[in-house]
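A short write-up of the structure that comes next.
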Number of protein chains: 2
Amino acid sequence: MLSQKTRYAIRAMQDLADRYGQGPVQLAEIAERQNIPPKFLTVILSELTRFGLVDSQRGRDGGYWLAIAPVDISYGDLIRIMRGSLALVPCASRFAHEKCKNCVAEGDCRTRALMLEVRDRTAELLDAVKLSDPIALVPADHETSE
Amino acid sequence: MLSQKTRYAIRAMQDLADRYGQGPVQLAEIAERQNIPPKFLTVILSELTRFGLVDSQRGRDGGYWLAIAPVDISYGDLIRIMRGSLALVPCASRFAHEKCKNCVAEGDCRTRALMLEVRDRTAELLDAVKLSDPIALVPADHETSE
DNA sequence: TTATTCTCTATCAAATAAGTTGAGAATATG
DNA sequence: CATATTCTCAACTTATTTGATAGAGAATAA
């Protein structure tokens, strides 16, 4: 599961993407629109700023804006930045690879082999969708097949 | 990420699948082969037994065995059983659907729309692979493209 | 020079995860 | 029947992570 913090970060970035090129957006605005605890959002936006995804300015009429065009930021990037990896197990992470604790040898681990595939498929999808892309909303009562 | 417990459960089930039809397998054996703390494994196997995936017998020469043929147990099933869902956010879960805390309306949530797709793709893959399937192991130093 | 807005480190509480303890119940064997 | 063996189960402990807040500080514009 994505942490609450990661979900907040994604929504905050969407909010900024929607206002790209329109000058600084204030934290309080984002917090209200996106229903995020303002104090917590300071932590998140500072993190994103330190990471170079967002620029900021203090003082009156200050705020935040994307440092990178929305078309160059994928959902995969966001999740990797916020939670370190797209993978379901540490040993299947591409960029944050780490041995799983108490596992069998990596080369013998079927779970790992399978999770590498899952990671690849997930990355394929999430790296292809950018913050600038329109996303078809799904009604709340939607039920998929099966 | 999958919890350690879920990973243990998967490996334990693989161990049992490999010995399907060969009589009871003892907990201590599984624990040793799969490098799982034995006491913790009792919790996991009891859970799987209660869930109906595994049968057990006590006493001398007792042990555990799959209650269902390996060909009828998918990795998707296992993960759903152990962690409740395949989804990355509660609101994108098919069987354990739940509103995300502090989110926007579900019908307006782009994250949800995207995560529904991720869930579907993940399910497609993980439901298609069964415990009986051979899985091509991947060498430990493997690096994928990109 | 003051109000505004972001920055950053520390801290806290609650939830979750990982693992252990220990008493108990079923089973096979002699 | 007695005993060793093996699973069962609830309670508990500890460590880690998560979600969130507090509060002092620094930049900026008016």
Side-chain angles (χ1 to χ4, degrees), chain A residues 1-12 16 23-32 34-67 82-85 88-90 96 98 100-103, chain B residues 1-12 16 23-32 34-67 82-85 88-90 96 98 100-103:
Chain A
M1 288 269 173
L2 302 182
S3 68
Q4 184 77 312
K5 188 177 174 187
T6 300
R7 283 178 256 163
Y8 286 156
I10 292 173
R11 292 217 307 283
L16 290 177
V25 185
Q26 289 176 11
L27 187 142
E29 282 181 59
I30 305 175
E32 199 186 355
Q34 302 298 332
N35 194 19
I36 302 173
K39 258 316 203 178
F40 197 21
L41 185 53
T42 64
V43 176
I44 294 166
L45 283 173
S46 296
E47 214 170 306
L48 291 168
T49 302
R50 242 172 300 145
F51 219 91
L53 287 184
V54 168
D55 273 340
S56 66
Q57 181 159 28
R58 311 185 209 192
R60 219 190 127 174
D61 298 324
Y64 300 88
W65 60 92
L66 291 188
M82 293 306 293
R83 81 158 190 180
S85 167
L88 287 177
V89 289
E98 208 177 321
C100 295
K101 249 198 68 191
N102 276 12
C103 200
Chain B
M1 288 269 172
L2 302 182
S3 67
Q4 184 76 313
K5 189 177 174 187
T6 300
R7 284 179 255 162
Y8 287 157
I10 292 173
R11 292 217 306 283
L16 290 178
V25 184
Q26 291 177 10
L27 187 143
E29 282 181 59
I30 304 176
E32 198 186 356
Q34 302 297 334
N35 193 20
I36 303 173
K39 262 314 204 176
F40 196 22
L41 185 53
T42 65
V43 176
I44 294 166
L45 283 173
S46 295
E47 214 169 307
L48 292 167
T49 302
R50 241 172 301 147
F51 219 91
L53 287 183
V54 168
D55 274 339
S56 65
Q57 181 159 31
R58 311 187 208 190
R60 221 193 124 173
D61 297 324
Y64 300 88
W65 60 94
L66 293 188
M82 293 308 293
R83 80 159 190 177
S85 166
L88 286 177
V89 289
E98 208 177 323
C100 295
K101 250 199 68 189
N102 277 11
C103 199

Short side-chain N/O contact from A/Tyr64 to OP1 or OP2 of C/dT7, under 4.0 Å: yes

d(CG, A/Leu41; C1', C/dC6) in whole Å: 11 Å

Sugar-phosphate only, base, or nothing, as touched by A/Leu45 at under 4.0 Å among non-hydrogen atoms: nothing

Atom pair distance, as rounded to whole Å: CG in A/Asn35 and P in D/dG19: 15 Å

Given C/dT20, D/dT21, C/dC6, the nucleotide with the shortest approach to the side chain of B/Pro37: C/dT20

A/Thr42 side-chain N/O to C/dT7 phosphate OP1/OP2 under 4.0 Å: no

D/dT8 phosphate, OP1 or OP2, under 4.0 Å from B/Ser46 side-chain N/O: yes

OP1 or OP2 of D/dA20 under 4.0 Å from side-chain N/O of A/Tyr8: yes

Side chain of A/Gln26 - closest among C/dC6, D/dG19, C/dA28: C/dC6

Residues B/Leu48, B/Leu16; criterion side chain to side chain contact (heavy atoms under 4.5 Å, CB included); working and verdict: CA-CA 12 Å; B/Leu48 292 167; B/Leu16 290 178; over 6 Å; no

Closest approach of A/Ala96 to A/Gly84 (non-hydrogen atoms, all atoms of both residues): CB-O, 3.4 Å

Whole angstrom value for the distance that separates P of D/dT8 from CZ of B/Phe40: 16 Å

Between P of C/dT29 and CD of B/Gln57, the distance in whole Å: 10 Å

Trace of the side chain to side chain contact (heavy atoms under 4.5 Å, CB included) decision for B/Leu66 with B/Leu53: CA-CA 6 Å; B/Leu66 293 188; B/Leu53 287 183; 5.9 Å; no

Distance, rounded to the nearest Å, where B/Arg7 contributes CZ and C/dA18 contributes C1': 11 Å

Contact under 4.0 Å: B/Ser3 side-chain N or O vs C/dA18 OP1/OP2: yes

Phosphate OP1/OP2 of D/dT18: any A/Gln4 side-chain N/O under 4.0 Å: no

Phosphate OP1/OP2 of D/dC7 contacted by B/Thr49 side-chain N/O (<4.0 Å): no

Verdict with supporting geometry, B/Ser85 and A/Met1, side chain to side chain contact (heavy atoms under 4.5 Å, CB included): CA-CA 9 Å; B/Ser85 166; A/Met1 288 269 173; 4.1 Å; yes

Earlier contact from the 5' end, DNA chain D, for B/Gly63 and B/Lys101: B/Gly63

Shortest non-hydrogen contact from A/Tyr8 toward A/Pro37: OH-CD, 3.5 Å

Base of D/dA26 paired with side chain of A/Arg58 (donor-acceptor, under 3.5 Å): yes

Contact summary for B/Gln26 and B/Gly62, nearest pair of heavy atoms: CG-O, 3.3 Å

B/Trp65 CH2 - D/dC7 P separation (whole Å): 10 Å

Distance in angstrom units between A/Glu47 CD and C/dC8 C1', rounded: 12 Å

Under-4.0 Å side-chain N/O to phosphate OP1/OP2 contact, B/Arg60 with D/dC7: no

Spacing of A/Asp55 atom CG relative to C/dT7 atom C1', expressed in whole Å: 14 Å

Sugar-phosphate, base or nothing in reach of A/Lys39, heavy atoms under 4.0 Å: base

